[in-house]
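Remarks on the structure that follows.
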Amino acid sequence: MRITLDVPGASPADVVGAFLDPAAVNRWWGGTQLTVEEEVGGQYVAYFDRLDQTMRGVITELDPDAGRFGFSWAWDHAPELPRRRVDVTVDPGAVLRLNHGEYDHASRIDRDDAVSHRDGWEFFLPRLAEVVRAQR
């Protein structure tokens with residue numbers, strides 16, 4: 001699944017930073033405690049207060065100045081679900097491109113997850129853009 005979002009006036013590093021800064025993530029994901037080790041292979045763990053659930057993964061790509069960030073993740077409470085990957089690129093014109101997947105569309109769980117994840121990103125990414133704008 002791919003989603004594109006304009007973040008006018010922001011630099012690629014500003015947008016990637018909104019995925020790495022715990023205070024920023026808390027503002028756009030809401031009620032989230034982020035633990036992050038800012039290096040490829042480092043932890044990327046988000047505890048969602050309202051859900052009382054933890055998403056745990058690792059950073060797979062990190063180059064803020066080039067507008068590149070990626071992480072894998074899975075829910076602690078649902079180890080039977082597949083591990084997912086999120087890849088973010090931000091071009092110098094501040095267009096964020098997010099790829100979330102892979103999904104096996106022959107699997108009902110994957111089809112349902114794809115819809116749920118798209119709905120989530122379509123709700124949260126505009127909030128990310130607001131946080132980036134407010135930080136400039």
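Take Asp91 and apply the side-chain hydrogen bond (donor to acceptor under 3.5 Å, both in side chains) test, not counting sequence neighbours, and it matches Arg97. With sequence neighbours left out, Asp6 forms a side-chain hydrogen bond (donor to acceptor under 3.5 Å, both in side chains) with no residue at all. With sequence neighbours left out, Arg133 forms a side-chain contact (heavy atoms from CB on, under 4.5 Å) with Pro8, Ala129, Glu130, Arg136.
Taking both residues in full, the closest heavy atoms of Val15 and Ala10 are given as CG2-CB, 3.9 Å, listed atom of the first, atom of the second, then distance. Nearest heavy atom pair, residue Val131 against residue Ala24, reads CG1-CB, 3.9 Å. The two residues Ala18 and Val25 come nearest to each other via the heavy atoms O-CG2, 3.2 Å. In terms of heavy atoms, Leu20 sits closest to Leu34 at O-CD2, 3.7 Å. Closest non-hydrogen pair, Pro12 versus Ala66, comes out as CB-C, 4.4 Å.
Asn99 contributes atom CG, which lies 9.0 Å from atom OG1 of Thr89 (distance to the nearest 0.5 angstrom). Separation of atoms CE (Met1) and OG (Ser116) is listed at 9.0 Å; rounding is to 0.5 Å. Here the CG-OG1 distance, from Leu125 to Thr4, works out to 10.0 Å after rounding to the nearest 0.5 Å. The distance from the NE2 atom of His77 to the OG1 atom of Thr54 is 9.5 Å, given to the nearest 0.5 Å.
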Stepwise, does the side chain to side chain contact (heavy atoms under 4.5 Å, CB included) test hold for Val86 with Leu98? CA-CA 7 Å; Val86 174; Leu98 183 139; 3.9 Å; yes
Verdict with supporting geometry, Arg27 and Gln135, side chain to side chain contact (heavy atoms under 4.5 Å, CB included): CA-CA 11 Å; Arg27 284 193 298 279; Gln135 289 180 333; 2.6 Å; yes
Worked check of ring pair (Phe, Tyr, Trp, His ring centres under 6.0 Å) between Trp29 and Phe123: CA-CA 9 Å; Trp29 263 347; Phe123 176 78; over 10 Å; no
Walk me through it: do Trp28 and Phe19 pass the test ring pair (Phe, Tyr, Trp, His ring centres under 6.0 Å)? CA-CA 9 Å; Trp28 66 273; Phe19 282 90; 5.2 Å; yes
From CA spacing to verdict: side-chain hydrogen bond (donor to acceptor under 3.5 Å, both in side chains), Gln53, Asp76: CA-CA 7 Å; Gln53 295 175 356; Asp76 279 0; over 6 Å; no
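A donor-acceptor pair is defined here as one N or O able to donate and one able to accept, closer than 3.5 Å; no such pair exists between the side chain of Asn26 and the backbone of Gln33.
Hydrophobic clustering (ILVMFWY, side-chain heavy atoms < 4.5 Å, transitive): Ile3 and Val88 are in one cluster. Cluster membership check: Tyr47 does not share its hydrophobic cluster with Phe71, using side-chain heavy-atom separations under 4.5 Å among Ile, Leu, Val, Met, Phe, Trp and Tyr. When the side chains of ILVMFWY residues are joined at heavy-atom separations under 4.5 Å, either directly or via intervening members, Val95 and Leu128 end up in two distinct hydrophobic clusters. Both Trp75 and Val36 are assigned to one and the same hydrophobic cluster, defined by single-linkage of ILVMFWY side chains at heavy-atom distances under 4.5 Å. Placement of Phe124 and Tyr44 within a single hydrophobic cluster is found when ILVMFWY residues are connected by side-chain heavy-atom separations under 4.5 Å, directly or transitively.
Residue pairs satisfying the salt bridge (Lys or Arg N to Asp or Glu O under 4.0 Å) criterion with at least one member in residues 63-75, sequence neighbours excluded, are listed as follows: Glu61-Arg68. Residue pairs meeting the salt bridge (Lys or Arg N to Asp or Glu O under 4.0 Å) criterion with at least one member in residues 80-90, sequence neighbours excluded: Arg84-Asp110, Arg84-Asp113, Arg85-Asp87. Sequence neighbours left out, not one pair with a member in residues 30-41 passes salt bridge (Lys or Arg N to Asp or Glu O under 4.0 Å).
Within a 6.0 Å sphere centred on CD1 of Ile109, heavy atoms belonging to other residues, nucleotides or ligands number 12 at most. Other residues, nucleotides and ligands place more than 12 heavy atoms under 6.0 Å from the CD atom of Glu122.
Aromatic ring pairs are classed by plane angle as parallel below 30°, tilted from 30° to 60° and perpendicular above 60°; the pair His117 and His100 is parallel.
Residues Arg56 and Trp73 have side chains not in contact (no heavy-atom distance under 4.5 Å, counting atoms from C-beta outward).
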